[in-house]
Amino acid sequence: MKASELFFPTLREVPSEAEIISHQLLLRAGFIRKTTAGVYTYLPLGYKVIKKIMNIVREEMDRAGGQEVLMPIIQPAELWKKSGRWDVYGDEMFRLVDRHNRDFALGPTHEEIITTLVDADVQSYRDLPLLIYQIQNKYRDEIRPRFGLMRGREFIMKDLYSFDPDDEGLDISYHKMYEAYNRIFQRLSLQYRVVEADSGAIGGNESHEFMVLAENGEAEIVYCDTCDYAANVEKAVCTIDDQESVQDDILQIEKIHTPGQRTIQDIVDVFGIPSRRQVKTLMYFADGELLAAVLRGDRELNEIKLKNYLGCNQLFMADQESVMAVCGAGFGSLGPVGMKVKIYVDLEVTQMKNFACGANENDYHYTNVNLGRDFAAEKIIDIRTAVVGDECPHCSGHLQSVRGIEVGHIFKLGLKYSQALEAKFIDQKGKEQLMVMGCYGIGVSRTMAAAVEQNSDANGIIWPIPIAPYHVIVVPVNAKKEDQMNTAQAVYEGLLSNGIEAIIDDRDERAGVKFKDADLIGIPVRITVGPKALEQNQVELKKRWENNIELIAVEKVISEVKAIIYGRE
RNA sequence: CGGGAUGUAGCGCAGCUUGGUAGCGCGUCUGGUUCGGGACCAGAAGGCCGCAGGUUCGAAUCCUGUCAUCCCGACCA
């Protein structure tokens, strides 16, 4: 490709809307342009990267036994009503109405379509297992699209669905995908980590996320410093740390006057009771029912754990008025003693003795409160958010934390959709059975952003070779000098005929401009044809990720470049 | 949806407080000089001042509404 003909509008300045590095660089380097919030156009360079990622994904899906299809973006409401998700999915679904006033959605995911399809056309156990996938746009009207490609409302996703006759089959399919995903992210040359995950709204039991490690990642990952346990904080299990257990004698409960003191910190400041000797009481509505969650004063509630435990659809913090009406006190004075609603107590509270909490009466607290004696729990469960330093749930190690970008997520769905959509088959005994399903997603466009997030420097992007839009850029220092241009042209054509993807920067620009652009768009190998070296019949070779420049003979360029590209790939 | 901020030329910004008919840098175009890390000189094009309404002799500027974008929180590939 001639740079003079390539559409890659680079920007000198950072567009003000871009906050994180991948968004800034993809805009500046001319890979993407925003059409509207969370919706982007991929320009030639950007789309080349997307296609490379897609191809790696496709190869590995095929290798794992997947079969590629293409399902519709426009999906009829009936399917979603049948699965029960038309109402559950809520505002996140883009909805539209056709001329006959029928409801449709732009597909946010494809369980409904694929399950219906498989149900209609698969009747026998002989046809299972089936692994069906597609790479296609998904539509989710996110509450807050963000960070360019990182969280779009339209994005490119690979989604595979597995259908097996039984749980053992699902285990095999799940394992195949687990392995395939590892191969994919290794081939993409990304630093990533597989973590245990919450299965969220999609449902199901077992689930793993593939996280590309990056400071700007939206997800927090905790991992053990001794064993290989790693999990999304949303999921990370908290155990009781025996070291924390308080051995004191149980004391008499006391009510103290605490005028104007509302927060845990107030009680620390005024009474010197450390936050770990206090208990906080949070009020929530779970599908309309008010409840209290109680945990140690210095801990955070993990709403996902609570929600999963309750099995409710909606969980949100109660408002002050509702709380006042039921408890007779405001937020800062709540406590489990005398609480009139169900109390869910965090596991860790069982290790506490003689702690302080609100008295459910404004401006009063209790001290020396004890679980069991002073109040009863509806249930004692793990509902706190794991933090750095917690004991590992699998060994005696301790948890560390890093941030990551979720680029892949695999789920065991079980019977959730096959039940709702009646996806059945006839087993060997002639009996009708429900198919056991799994689903497996990779955010292709997000992966591109994640790759940039992980591979850049002050000058621009540094593409990993397997997904670089071009392998080599050939830069004649002065395109008007015939000898330089001729050599550059010869090198360029040699690369092309050897199957190497190359750009020749034939633009009548100063060398500095061409170097800046080459760095910005992140082409892995740069061949510079300049006057000094050319006298020796040499050219310069620079790897984007290194600072030094090598001089090599013109006739050796092809073999050198091949060694770099295929050596690293 | 709650909180915060911003909309002025392709990009980055000034002008707004104190109304008087729009400016700077970069980019673009033309000519010339240059030519190994975003050159220089000369000239030029390019603006519904987000949109609508109001106040005023007069609005980018003041008022009201509205739309859009971005950031923080709940959502997710």
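Within every chain, numbering begins at 1; the chains are lettered A, B, ... in the order of the sequence lines, protein sequences first and strands thereafter.
Atom name C1', nucleotides B:C49 and B:C16: the rounded distance is 11 Å, in whole Å. When the C1' atom is compared between B:A39 and B:G58, the two are found 46 Å apart, to the nearest whole Å. Comparing B:C62 with B:G20, their P atoms sit 11 Å apart, to the nearest whole Å. Here the separation of B:C67 from B:C24, taken at their P atoms, is 35 Å to the nearest Å. Going from the P atom of B:C26 to that of B:G65 covers 41 Å, rounded to whole Å. With both ends at atom C1', the span from B:G19 to B:G73 equals 40 Å, rounded to whole Å.
Proximity of A:Thr36 to the phosphate of B:U69: a side-chain N or O atom is located under 4.0 Å from OP1 or OP2. Between A:Arg146 and the phosphate of B:G73, there is a side-chain N or O to OP1/OP2 separation shorter than 4.0 Å. For A:Arg510, no side-chain nitrogen or oxygen approaches OP1 or OP2 of B:G36 to under 4.0 Å.
Base-pair partner of B:A14: not found among the strands shown (Watson-Crick or G-U wobble, both distances under 3.5 Å). When Watson-Crick and G-U wobble pairs are counted only if both distances are under 3.5 Å, B:C75 pairs with no nucleotide at all.
As judged by a 4.0 angstrom heavy-atom cut-off over every strand, A:Pro9 is placed among residues making no nucleic acid contact. Within 4.0 Å of A:Val407, counting heavy atoms only, lie sugar-phosphate atoms of the nucleic acid but no base atom. Among the protein residues, A:Glu142 comes within range of the nucleic acid bases, having at least one heavy atom under 4.0 Å from a base atom.
Between the side chain of A:Arg151 and the base of B:C76, at least one donor-acceptor pair of N or O atoms lies under 3.5 Å.
With the nearest nucleotide of RNA chain B identified for both A:Asp508 and A:Ala219, A:Asp508 has the one nearer the 5' end. Each of A:Val477 and A:Met157 was assigned the nucleotide of RNA chain B with the nearest heavy atom; the assignment lying further toward the 5' end belongs to A:Val477.
Using the six-membered ring where Trp is involved, A:Phe185 and A:Tyr192 have ring planes that are tilted, between 30° and 60° apart.
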Heteroatom pairs (N/O) under 3.5 angstrom, protein to nucleotides 27-31 of chain B:
from, atom 1, to, atom 2, distance (Å)
B:G27, OP1, A:Arg12, NH2, 2.8

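The ring of A:Phe155 lies on top of the base of B:A77, close enough and flat enough: under 5.5 Å between centres, under 30° between planes.
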